[in-house]
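Structure first, commentary second.
Atom set for the values below is all heavy atoms of this structure, side chains included, hydrogens, waters and symmetry mates excluded. Per chain, numbering begins at 1; letters A, B, ... match sequence-line order. What you are looking at is a predicted structure, and each value in this text was computed from that prediction instead of being measured.
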There are 2 protein chains.
Amino acid sequence: MGQTERKRWYVDACGTAFALDMIGERWSILIMRELMFGPRRFNELRADLPGISANILIQRLERLEELRILRKRKLPPPASVQAYELTQWGYEAEPVVQMLGKWATRHPDHDPTLPLSAASIMMSFRTMIDAERARGFKAKIGFRLGEDGFVVTLDGGEVTTERREPEDVDLLLTCQPTILAAVVYGGGPAAELEEAGALTIEGNRTIFDRFVTLFPLPEKLSDSEN
Amino acid sequence: MGQTERKRWYVDACGTAFALDMIGERWSILIMRELMFGPRRFNELRADLPGISANILIQRLERLEELRILRKRKLPPPASVQAYELTQWGYEAEPVVQMLGKWATRHPDHDPTLPLSAASIMMSFRTMIDAERARGFKAKIGFRLGEDGFVVTLDGGEVTTERREPEDVDLLLTCQPTILAAVVYGGGPAAELEEAGALTIEGNRTIFDRFVTLFPLPEKLSDSEN
DNA sequence: CGGCATCCGGGAAGATACTG
DNA sequence: CAGTATCTTCCCGGATGCCG
């Protein structure tokens with residue numbers, strides 16, 4: 001009887017109910033979000049999920065592994081350290097994570113000034129890009145967000161995101177995730193932030209100017225809306 | 001200080017995290033599922049959500065109303081009774097509910113023989129229809145599932161669902177939701193079920209024979225799958 | 001019957017300290 | 001760095017009862 005028996009589950013054949021039996025507990029979906037761009041280590045997850053405690057993180061990781069949403073993996077040498085990585089099926093949950101977010105941001109109480117993980121802002125680009133505005137736009141953009149490097153390839157509304165050190169990019173942005181969110185979603189003053197040292201822009205500034213216009217926020221709910 | 005303050009929330013600007021702050025608690029999403037085809041009364045919700053207790057249902061309804069996901073409404077006379085109805089924005093969460101379900105049913109442990117609400121099976125038709133197989137198929141199908149009547153209009157992959165008493169339909173099916181699920185998703189023996197009185201088929205049987213082929217289940221995860 | 005409050009037990013989540 | 005162990009707090013679920 002080494003296995004923990006779950007005491008609370010939905011008695012319901014509906015797939016949605018079963019999804020919530022699997023990943024409806026606190027933190028599970030956010031852990032999946034953090035893994036969407038590749039393997040992460042225990043303490044990286046801990047750092048990117050403010051407020052989670054180690055025992056809860058372990059519990060969730062064990063459960064998600066049991067469900068085959070993720071697996072434990074040794075990263076290749078020389079970094080031969082343990083990490084957690086989504087399975088193919090786990091990666092297929094990306095649209096679920098995206099749509100939850102896209103739907104929720106219409107609520108007036110959503111506060112985009114809260115802290116943000118690097119994976120969150122990278123995911124939001126995939127969620128929020130306006131294909132119309134991005135038509136004909138091709139660019140390879142690098143990001144250094146705290147410790148995390150990303151390369152985003154934009155090609156006509158398609159957003160390809162890799163978690164790796166930026167090389168050979170048209171544009172390289174260095175800042176904290178929250179700063180990037182402020183610039184892209186809040187119309188934050190890029191020039192002033194750059195002046196203040198909170199943002200570094202290297203490479204093609206024309207691409208930068210276009211990039212920051214590609215991600216319109218959905219309209220907030222209006223008072224008149226039923 | 002009449003208002004209950006939430007003690008546990010995510011400190012996270014990500015829209016997904018905010019969605020989970022709103023509807024991440026137990027039962028919330030299933031309540032929304034039950035309301036997707038129109039207003040429901042308190043005890044109807046209670047009956048369709050096996051295992052929920054009255055105080056929890058009240059708590060969730062209050063929270064969802066506060067968030068403007070649903071509203072309380074008096075149904076028009078003579079049935080002037082109170083009911084709960086999604087707002088426009090609440091209805092817009094349908095794709096989220098659907099994708100959760102569609103993703104989850106690939107897991108081998110999903111058990112489609114559990115009890116099922118009428119709304120669940122109706123929702124599943126919208127989620128699971130194979131547009132290719134339904135090409136060129138037009139039909140209006142009525143359902144009587146326990147107490148609940150529905151009319152489903154199929155038109156080339158489009159599924160329109162109304163919660164109302166079936167009238168002027170090409171085909172009328174009367175059974176329990178679980179029976180319908182067994183026939184459509186489990187290849188259940190319609191003839192035998194009809195013989196046994198668990199299923200009544202009225203109207204055009206050619207439409208019935210085609211209808212039950214339109215909803216292929218996604219492939220289960222294989223052992224080889226990483 | 002529909003809606004809501006209150007109490008209680010158990011289990012899940014959170015905080016903190018500790019270990020290999 | 002990657003987890004355990006322990007203790008506390010809070011949430012969920014069930015029962016009961018009130019009120020219109």
Spacing of B:Leu57 atom CG relative to C:dC4 atom P, expressed in whole Å
10 Å

The single option from B:Leu64, B:Ile31, B:Leu35 that satisfies side chain to side chain contact (heavy atoms under 4.5 Å, CB included) with B:Leu86 is B:Leu35

Once you round it to whole Å, what is the distance between P of D:dC1 and CG of A:Leu61?
17 Å

On the nucleotide D:dC12, are OP1 or OP2 found under 4.0 Å from the side-chain N or O atoms that B:Arg60 carries?
yes

Shortest side-chain distance from A:Arg26, nucleotide among D:dC12, D:dA2, C:dA13
C:dA13

Hey, do the aromatic rings of A:Trp9 and A:Phe18 have their centres closer than 6.0 Å?
no

Which nucleotide in the set D:dC1, C:dG14, D:dG3 lies at the smallest distance from any side-chain heavy atom of A:Ala54?
D:dG3

Is there a side-chain contact between A:Lys74 and the phosphate of D:dA2, meaning an N or O under 4.0 Å from OP1 or OP2?
no

d(CD1, A:Ile58; P, C:dC18) in whole Å:
20 Å

Can you tell me if B:Gln59 touches the phosphate of C:dA5, counting only side-chain N or O atoms and a distance under 4.0 Å to OP1 or OP2?
no

Would you kindly give the CH2-to-C1' distance between A:Trp9 and C:dG10, to the nearest whole Å?
14 Å

So if I take every side-chain heavy atom of A:Asn43 and compare against C:dG14, D:dG3, D:dC1, which nucleotide ends up nearest?
D:dC1

How do A:Glu62 and B:Gly51 order along DNA chain D: which one's closest nucleotide is nearer the 5' end?
A:Glu62

Rounded distance (Å) that lies between atom P of D:dA2 and atom CZ of A:Arg40:
11 Å

Would you mind checking if B:Asp12 and A:Arg33 are paired as a salt bridge, meaning a charged N to carboxylate O distance below 4.0 Å?
yes

Taken to the nearest whole Å, CD1/B:Ile56 to P/D:dG13 is 6 Å

Whole-Å distance separating the CG atom of B:Leu49 from the C1' atom of D:dG13:
14 Å

Give a yes/no on whether any side-chain N or O of B:Arg8 is located under 4.0 angstrom from OP1 or OP2 of D:dC11.
no

Return no unless some side-chain N or O of A:Trp27 is found under 4.0 Å from OP1 or OP2 of C:dA12.
no

Is there a donor and acceptor pair closer than 3.5 Å between the side chain of A:Asn55 and the base of D:dG3?
no

Any side-chain N or O of B:Tyr10 below 4.0 angstrom from OP1/OP2 of C:dA13?
no

Would one find a side-chain N or O of A:Arg46 under 4.0 angstrom from OP1 or OP2 of D:dC1?
no

Tell me if the centroids of the rings in A:Phe125 and A:Phe211 come within less than 6.0 Å of each other.
yes

May I have the distance from B:Glu44 (atom CD) to C:dC1 (atom P), rounded to whole angstrom?
14 Å

In sequence, state the C-alpha distance, the side-chain angles, and the governing distance for A:Thr127 and A:Ser124, and then conclude on side-chain hydrogen bond (donor to acceptor under 3.5 Å, both in side chains).
CA-CA 5 Å; A:Thr127 308; A:Ser124 79; over 6 Å; no

